Structures are given as structure tokens and as C-alpha cells.
Amino acid sequence: MARIVRVARSSSSSSSSLFGFGSRFYSTSAGVSHASPSSPFLHGGGARRDAAKDRNVQWVFLGCPGVGKGTYASRLSSLLGVPHIATGDLVREELASSGPLAQQLSEIVNQGKLVSDEIIVNLLSKRLEAGEAKGESGFILDGFPRTMRQAEILGDVTDIDLVVNLKLPEEVLVEKCLGRRTCNQCGKGFNIAHINLKGENGKPGISMDPLLPPPQCMSKLITRADDTEEVVKARLRIYSETSQPLEEYYRSKGKLMEFDLPGGIPESWPRLLEALRLDEYEEKQSAVA
């Protein structure tokens, strides 16, 4: 089994702490404050700033394939000044290196097998340990853990303050995945899907404009081989089956915040900041810049 290193979190006050989000991120007698019923976007937990100033964010972003975890995690990473860590990137970095796991990972990937939980968590553990040594005081994990076992192993590695579960209707997720395109020259990702889902049964509609490439990339767009309707729906079904116990696990710990994305980035980003009580913080950052 891979060596797993627990990254201890300092309990001492740090002047570099932004505003001290911590494990008491939710606050009621039961440890969870529920969202306002008037909010159509946030449910299952409401975030607020903790009065303590001694800890930075240690968050996890969950959500179905195509929901936009990486996009929003990356934006929050830049806003809060903490690293955005995606386990897929860690695997790719190790494969490109001459590290001790590179050959083993290469054989696993070439054979089409899944990378074991132990290897993933070992890479994550080393990344967190290296970050702590460099003075990093927080992180945002993207898409990990994905299973109950991974969540339990992660709990042995570090402490998680908040789990943000991004949600979109299945028909929107399918359209987004089918609309994904990558420029085979510059490597940037785009999306040609124009989504306009009408509201029904009391639920608001969702509109998302396409993210079109510049003219120089238009003729060089390629589609992922596995972005077919059959494969996408299968991925969503598998994710739903495995994510339900994971969501309940974090919900029972008072750490789960479920956020229904109301649209594309222009509509969703300010709403997400509001749900996280970061809207005023972004305004202050913008004023200083």
C-alpha cells in the first residue's frame, strides 16, 4: 500500500490567513445552518464567515462530469490565494516525470485500468505536504474524493472544512458535454452548445451561451472520443450512484453545501460568491487592485 502522510493543520494564528474559514464554517447548535428557503440556488447548508482568524480554506468541489468544477474551483483559488488541486493533474504530472510512480502509472493507464485509491491519495498527500513546506495555508480540491472509501482515506490525510456540490439538470449536463471542443493546436477548451432550458414545476430556467473559439481556432476544433450521448449518460448514471452515499457522508458531518447553478459563469459566479459569503471580499479585492 502506498505511503500516506497526514498533513497536520496548524492551530496557531497566522497573519497570512485571509479571514479564517474553518471547520466551524457552518454555525448552529447542530453544526449546520440551513439555507434561506427563498434561495433557489443553495440548499442543504448555508455558509458564513467564522470569527476565528487562524485557519484558511480547505475545500472540496464535487459535481457531475461537465458541471464546471474546475472552472469555479480555479476562480475561487485565484480569489482566495490558495492552490487549486485536481487529482487528474497530479497523475499527469507524475506520468511526465521520472518519479518512482511514473512507470507504474504508465502501465496502469496504458492498460485502461483505474488508478488505485492508494496511489491517488499518496500523490495528493505528497502535494499537500510539499505545499505546507512552501507555506501554503489552504487548498481547493477538484473532483476528489469520488467514493466513500476515498473520503475516508482523505480524512486520514487532512481536514476538510467545506464540500461544495455543484448541480445542474441532467439534460443540461448532457448538452454541455456534447458541446465540448478542444483546439488541437493551442489546447484551449471551448463549448459550442447554446443551452436554453425552460423553467417548469417551480424550477427556474437555465440559459447558457456558447463559449466559442477565436477565428484562428475554429477550423482546428476536435471532440473527445468519449463525448457521445450514450457514454455521457452512462458516466452521469455511474456518478449519481457513487456520489449519493458520499454526499450523505459529508451532509451528516455538516460540511456539505449543495449549489444549483442558475446558468453560465456570468449568472452563477456572483451567486456562488454570495452563497459562500465572498461577494463583499471580491469587491474589496477589486477595489485594491
Side-chain angles (χ1 to χ4, degrees), residues 2-5 7 56-147 149-151 153-154 157-158 160-166 176-177 180-191 211 222-227 235 238-239 242-243 246 265 272:
R3 183 177 70 97
I4 296 175
V5 178
V7 179
N56 271 347
V57 301
Q58 295 194 175
W59 292 354
V60 166
F61 265 64
L62 299 180
C64 290
V67 76
K69 298 182 295 295
T71 297
Y72 293 102
S74 179
R75 281 180 163 238
L76 283 168
S77 167
S78 297
L79 177 65
L80 299 177
V82 296
H84 166 214
I85 302 174
T87 51
D89 291 342
L90 297 181
V91 171
R92 284 185 285 273
E93 289 170 8
E94 187 69 25
L95 278 169
S97 74
S98 57
L101 285 177
Q103 183 175 352
Q104 184 181 355
L105 279 172
S106 180
E107 292 174 358
I108 292 172
V109 172
N110 290 339
Q111 293 173 14
K113 296 180 180 179
L114 293 175
V115 180
S116 71
D117 292 343
E118 286 77 12
I119 291 177
I120 292 290
V121 177
N122 185 42
L123 292 174
L124 177 59
S125 173
K126 290 195 298 182
R127 171 61 183 83
L128 295 178
E129 190 177 21
E132 186 180 47
K134 292 189 297 183
E136 292 177 354
S137 54
F139 57 80
I140 298 177
L141 297 184
D142 171 3
F144 183 89
R146 295 178 183 269
T147 66
R149 185 167 184 270
Q150 290 177 354
I153 297 174
L154 180 62
V157 174
T158 191
I160 298 300
D161 299 328
L162 176 68
V163 178
V164 181
N165 188 26
L166 300 180
K176 282 192 67 181
C177 288
R180 290 191 294 201
R181 300 291 187 273
T182 303
C183 175
N184 65 2
Q185 182 171 344
C186 70
K188 291 183 179 179
F190 306 96
N191 201 299
L211 178 61
I222 57 175
T223 305
R224 280 174 45 168
D226 58 345
D227 273 350
R235 286 204 304 260
I238 293 171
Y239 179 85
T242 59
S243 68
L246 182 63
I265 294 174
L272 180 59

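All of these numbers come straight from a predicted model, not from anything done at the bench.
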Asks: Check side-chain contact (heavy atoms from CB on, under 4.5 Å) between Ile222 and all other residues, then give those that pass, not counting sequence neighbours.
Replies: Thr182, Asn184
Asks: Taking all non-hydrogen atoms of both residues into account, name the closest pair between Lys69 and Cys64 and its distance.
Replies: NZ-O, 3.5 Å
Asks: Decide side-chain contact (heavy atoms from CB on, under 4.5 Å) for Trp59 and Leu80; before the verdict, give the C-alpha distance in whole Å, the side-chain angles of both, and the deciding distance to 0.1 Å.
Replies: CA-CA 12 Å; Trp59 292 354; Leu80 299 177; 3.9 Å; yes
Asks: Does a side-chain heavy-atom distance below 4.5 Å link Leu76 with Val57?
Replies: no
Asks: Does Asp161 reach the main-chain N or O of Gln58 with its side chain, forming a donor-acceptor pair under 3.5 Å?
Replies: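 Yes, because the side chain of Asp161 sits within donor-acceptor range (under 3.5 Å) of the backbone of Gln58.
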Asks: Please find the pair of heavy atoms, one from Asp142 and one from Gly70, that lie closest to each other, and give the distance.
Replies: OD2-CA, 3.2 Å
Asks: Between the side chain of Asn191 and the main-chain N/O of Lys176, is any donor-acceptor distance below 3.5 Å?
Replies: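 It does hold such a pair.
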Asks: Please confirm whether the backbone N or O of Glu94 pairs with a side-chain atom of Ser97, one donor and one acceptor, at under 3.5 Å?
Replies: yes
Asks: Taking all non-hydrogen atoms of both residues, which atom of Leu166 and which atom of Val67 are closest, and how far apart?
Replies: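 Heavy-atom minimum between the residues: O-CG2, 3.7 Å.
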Asks: Show the nearest heavy-atom pair for residues Leu211 and Phe190, with the distance to one decimal.
Replies: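 Closest approach of Leu211 to Phe190: O-CB, 3.2 Å.
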Asks: Please find the pair of heavy atoms, one from Pro145 and one from Leu246, that lie closest to each other, and give the distance.
Replies: O-CD2, 3.3 Å
Asks: Could you list the residues that satisfy side-chain contact (heavy atoms from CB on, under 4.5 Å) with Arg127, not counting sequence neighbours?
Replies: Pro83, Ile85, Leu90, Glu136
Asks: Any chance you could measure Asn122, atom CG, to Ser116, atom OG, to the nearest 0.5 Å?
Replies: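 Separation between the atoms: 9.0 Å.
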Asks: Before you tell me yes or no, could you show the steps for Leu272 and Arg75 under side-chain contact (heavy atoms from CB on, under 4.5 Å), namely the whole-Å CA-CA distance, both residues' side-chain angles and the distance that decides it to 0.1 Å?
Replies: CA-CA 11 Å; Leu272 180 59; Arg75 281 180 163 238; over 6 Å; no
Asks: Between Gln150 and Ile120, does a side-chain contact (heavy atoms from CB on, under 4.5 Å) hold up when you go through it step by step?
Replies: CA-CA 9 Å; Gln150 290 177 354; Ile120 292 290; 5.6 Å; no
Asks: Hey, could you give me the OG1/CZ distance between Thr87 and Arg92, rounded to the nearest 0.5 Å?
Replies: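 Thr87 atom OG1 to Arg92 atom CZ measures 8.5 Å (nearest 0.5 Å).
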Asks: Is the shortest heavy-atom distance from the side chain of Phe61 to the side chain of Val164 under 4.5 Å?
Replies: yes
Asks: Would you say the side chain of Leu141 lies within less than 4.5 Å of the side chain of Leu154, judging by non-hydrogen atoms?
Replies: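 Yes, side chains in contact.
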Asks: Evaluate the side-chain contact (heavy atoms from CB on, under 4.5 Å) criterion for residues Leu123 and Val115: first the C-alpha distance (whole Å), next the side-chain angles of each, then the deciding distance (0.1 Å), finally the verdict.
Replies: CA-CA 11 Å; Leu123 292 174; Val115 180; 5.9 Å; no
Asks: If every non-hydrogen atom of Phe144 is compared with every non-hydrogen atom of Val60, which pair is closest and at what distance?
Replies: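 Closest approach of Phe144 to Val60, heavy atoms only: O-CG1, 3.2 Å.
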Asks: Arg180 vs Asp226, test: salt bridge (Lys or Arg N to Asp or Glu O under 4.0 Å). Steps then yes/no.
Replies: CA-CA 11 Å; Arg180 290 191 294 201; Asp226 58 345; 5.7 Å; no
Asks: Looking at Tyr239, is its backbone amide N or carbonyl O close enough to the side chain of Thr242 to form a donor-acceptor pair, meaning the two atoms are under 3.5 Å apart?
Replies: yes
Asks: Under 3.5 Å, is there a donor-acceptor pair linking the side chains of Arg181 and Thr223?
Replies: yes
Asks: Does a side-chain N-to-carboxylate-O contact under 4.0 Å join Arg146 and Asp117?
Replies: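 No, this pair does not count.
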